[in-house]
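For reference, the structure discussed in these notes is given below.
In what follows, every heavy atom counts, from backbone to side chain, and hydrogens, waters and symmetry copies are set aside.
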Amino acid sequence: MKHLAVIIILLAGIVPSTQAQSGYQIPRDTTYTVYQSLIKNQKDYPQAKPARAILPKGVKAEMELVYDELIDSEGNSRKLHVDLFRPDGKGIFPAVVMVHGGGWRSGDKSMQVPMAMKLAEQGFVAIAVQYQLSLEAQYPQAVYNIKSAIRWARANASRFGIDTSRIAISGCSAGGQLAALVGMTNGLSQFEGNLGNKGYSSHVHAVMNIDGVVDFLAPASLNKERKPNSADESWLGGSFLEKPGVWRDASAIFWVNKHSPPILFLNSGFSRFHAGQDEMIGMLKEFGIYYEVHTFDVKVHPFWLFHPWFEPTVEKMTNFLDKVFSE
């Protein structure tokens with residue numbers, strides 16, 4: 001009944017609220033939801049309609065699976081969850097770990113569920129990840145969470161039919177920044193953290209960055225006007241002048257190397273979200289690493305949440321994964 005209740009909530013387009021767990025207080029920012037994004041963009045794009053979480057035939061949903069547990073100094077428990085969707089049948093399938101956006105301080109994994117369901121329909125195990133947001137924990141805790149979730153997926157590969165040689169990560173907006181950073185830091189111990197399933201690898205074989213910054217130090221990022229308590233400064237623990245090393249370390253571009261995984265960039269019409277992308281592509285070319293770039297020429301940052309852009313987004317993701325996982 002619990003799983004059915006969660007599905008009904010998702011079908012209604014409501015983001016479940018996060019509650020305190022066993023005394024562990026979880027701050028909540030609700031400024032970024034599908035509904036609020038729709039209202040913001042509907043005047044200029046009246047054709048925009050939210051993509052709904054309707055479970056396709058032949059797809060199995062497993063909601064609110066615990067992938068890790070945190071204990072605070074007072075012994076209170078904080079569980080981290082994933083929502084997992086997979087083809088309903090025997091076999092092993094490539095997996096996609098999916099990271100929601102929201103400026104590192106808002107949003108919810110449920111925002112990835114419509115896309116996850118469609119990817120599962122196309123033959124992928126799609127895993128929408130909950131991670132700690134900046135009101136609860138600043139950088140790099142979200143990176144540690146996500147890498148822990150990847151290790152959990154490997155540890156449970158036989159249970160969910162995951163092909164551990166074909167694991168991708170995708171992310172939208174702030175989630176795209178995180179996905180790129182997680183992918184480009186494959187094998188670097190300082191980004192692993194100290195969470196669960198340490199005996200397994202957090203390596204990913206492909207990255208899909210949907211409108212996420214890859215270089216906080218690029219002019220388009222560094223020079224933008226910021227309000228007090230801006231999203232990036234709040235997450236990174238201070239301004240660039242205060243924390244230059246952190247701003248660099250959190251930029252995926254600085255970790256590109258000859259072993260980096262292939263990457264797909266899906267862009268909106270807002271160039272500021274692509275800060276550093278051209279320079280990163282130059283590096284990928286030099287190393288001979290496969291990449292794709294596709295731009296949706298609309299001034300809708302969260303285009304992936306809405307029709308008519310939702311289906312083309314999923315199609316480009318699927319085509320990219322089919323190509324890189326078939327080689």
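- Both Trp255 and Tyr144 are assigned to one and the same hydrophobic cluster, defined by single-linkage of ILVMFWY side chains at heavy-atom distances under 4.5 Å.
- Tyr139 and Trp104 have their aromatic ring centers separated by at least 6.0 angstrom.
- Salt bridge annotation for Glu62-Arg86: present, with a cationic side-chain nitrogen under 4.0 angstrom from a carboxylate oxygen.
- A side-chain donor from one of His81 and Gln130 sits under 3.5 Å from a side-chain acceptor of the other.
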Requested in this report: Please lay out, stage by stage, how Ile150 and Val182 fare under the test side-chain contact (heavy atoms from CB on, under 4.5 Å).
Outcome: CA-CA 10 Å; Ile150 297 166; Val182 166; 3.7 Å; yes

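- Grouping the Ile, Leu, Val, Met, Phe, Trp and Tyr side chains by contacts below 4.5 angstrom, directly or via other members, places Leu284 with Leu188.
- In this structure, the ring of Phe296 has its center less than 6.0 angstrom from the ring center of Phe303.
- Residues Thr295 and Asp297 bring no donor and acceptor atom of their side chains to less than 3.5 Å of each other.
- Using a 3.5 Å distance cut-off with no hydrogens or angles, the side chains of Gln36 and Thr33 do pair a donor with an acceptor.
- Under the 3.5 Å distance criterion, with hydrogens and angles disregarded, no donor-acceptor pair is assigned to the side chains of Asp211 and Ser173.
- The backbone N or O of Ser221 sits nowhere less than 3.5 Å from a side-chain atom of Arg272 that would complete a donor-acceptor pair.
- Shown are Arg105, Arg78, Arg28; of these, the side chain to side chain contact (heavy atoms under 4.5 Å, CB included) with Glu136 is made only by Arg78.
- Asp163 places no side-chain N or O within donor-acceptor distance of the main-chain N or O of Phe93, the cut-off being under 3.5 Å.
- Placement of Val129 and Val66 in two distinct hydrophobic clusters is found when ILVMFWY residues are connected by side-chain heavy-atom separations under 4.5 Å, directly or transitively.
- The backbone N or O of Glu242 lies less than 3.5 Å from a partner atom in the side chain of Ser239, making a donor-acceptor pair.
- For Gln190, the CD atom sits in a packed shell: over 12 heavy atoms of surrounding residues, nucleotides or ligands are nearer than 6.0 Å.
- Of the N and O atoms on the side chains of Tyr67 and Glu69, not one donor lies less than 3.5 Å from an acceptor on the other residue.
- Between Phe287 and His259, the ring centre distance reaches or exceeds 6.0 Å.
- Hydrophobic clustering, with ILVMFWY side chains joined whenever heavy atoms are under 4.5 angstrom apart, keeps Leu135 apart from Val143.
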Requested in this report: Kindly determine whether Lys118 and Glu315 satisfy side-chain contact (heavy atoms from CB on, under 4.5 Å), including the steps that lead there.
Outcome: CA-CA 9 Å; Lys118 294 298 290 185; Glu315 181 180 11; over 6 Å; no

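- A donor-acceptor contact closer than 3.5 angstrom links the side chains of Glu192 and Ser202.
- The backbone N or O of Ile71 lies less than 3.5 Å from no partner atom in the side chain of Ser77, so there is not a single donor-acceptor pair.
- Checking side-chain atoms of Asn186 against main-chain N and O of Val204 turns up a donor-acceptor pair under 3.5 Å.
- Seen from the ring of Tyr290, Lys323 counts as a face-on cation partner, given the 6.0 Å and 45° thresholds.
- Residue-environment remark: OH (Tyr200) stays at or below the threshold of 12 foreign heavy atoms within 6.0 Å.
- Within the 3.5 Å criterion, the main-chain N or O of Gly75 finds a donor-acceptor partner in the side chain of Asp72.
- The aromatic rings of Phe273 and His301 lie parallel to each other, with less than 30° between the two planes, well short of the 60° mark.
- Salt-bridge annotation for Asp232 and Arg226: present, with a side-chain N of the basic residue lying under 4.0 Å from a carboxylate O of the acidic one.
- Criterion: ILVMFWY side-chain heavy atoms under 4.5 Å apart, direct or through other members. Under it, Ile92 and Leu119 are not part of a common hydrophobic cluster.
- At most 12 non-hydrogen atoms from other residues, nucleotides or ligands lie less than 6.0 angstrom from NZ of Lys40.
- When atom types are taken as modelled, the side chain of Arg154 and the backbone of Ile162 share no donor-acceptor pair closer than 3.5 angstrom.
- With Phe270 as the aromatic partner, Lys299 meets the cation-pi criteria of under 6.0 angstrom to the ring centre and within 45 degrees of the ring axis.
- The shortest heavy-atom contact between Ala53 and Val113 is CB-CG1, 3.7 Å.
- Side-chain contact check for Lys147 and Thr185: at least one donor-acceptor pair (N or O, by modelled atom type) lies under 3.5 Å.
- A donor-acceptor distance shorter than 3.5 angstrom exists from the side chain of Tyr131 to the backbone of His100, with no hydrogens or angles considered.
- In terms of modelled atom types and a separation under 3.5 Å, the side chain of Ser106 and the main chain of Gly102 share no donor-acceptor contact.
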Requested in this report: Let me see the working for Glu64 and Lys109 under salt bridge (Lys or Arg N to Asp or Glu O under 4.0 Å), right down to the final yes or no.
Outcome: CA-CA 10 Å; Glu64 296 295 323; Lys109 62 181 169 58; 2.6 Å; yes

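- Smallest separation of non-hydrogen atoms from Ile253 and Met280: CD1-N, 3.6 Å.
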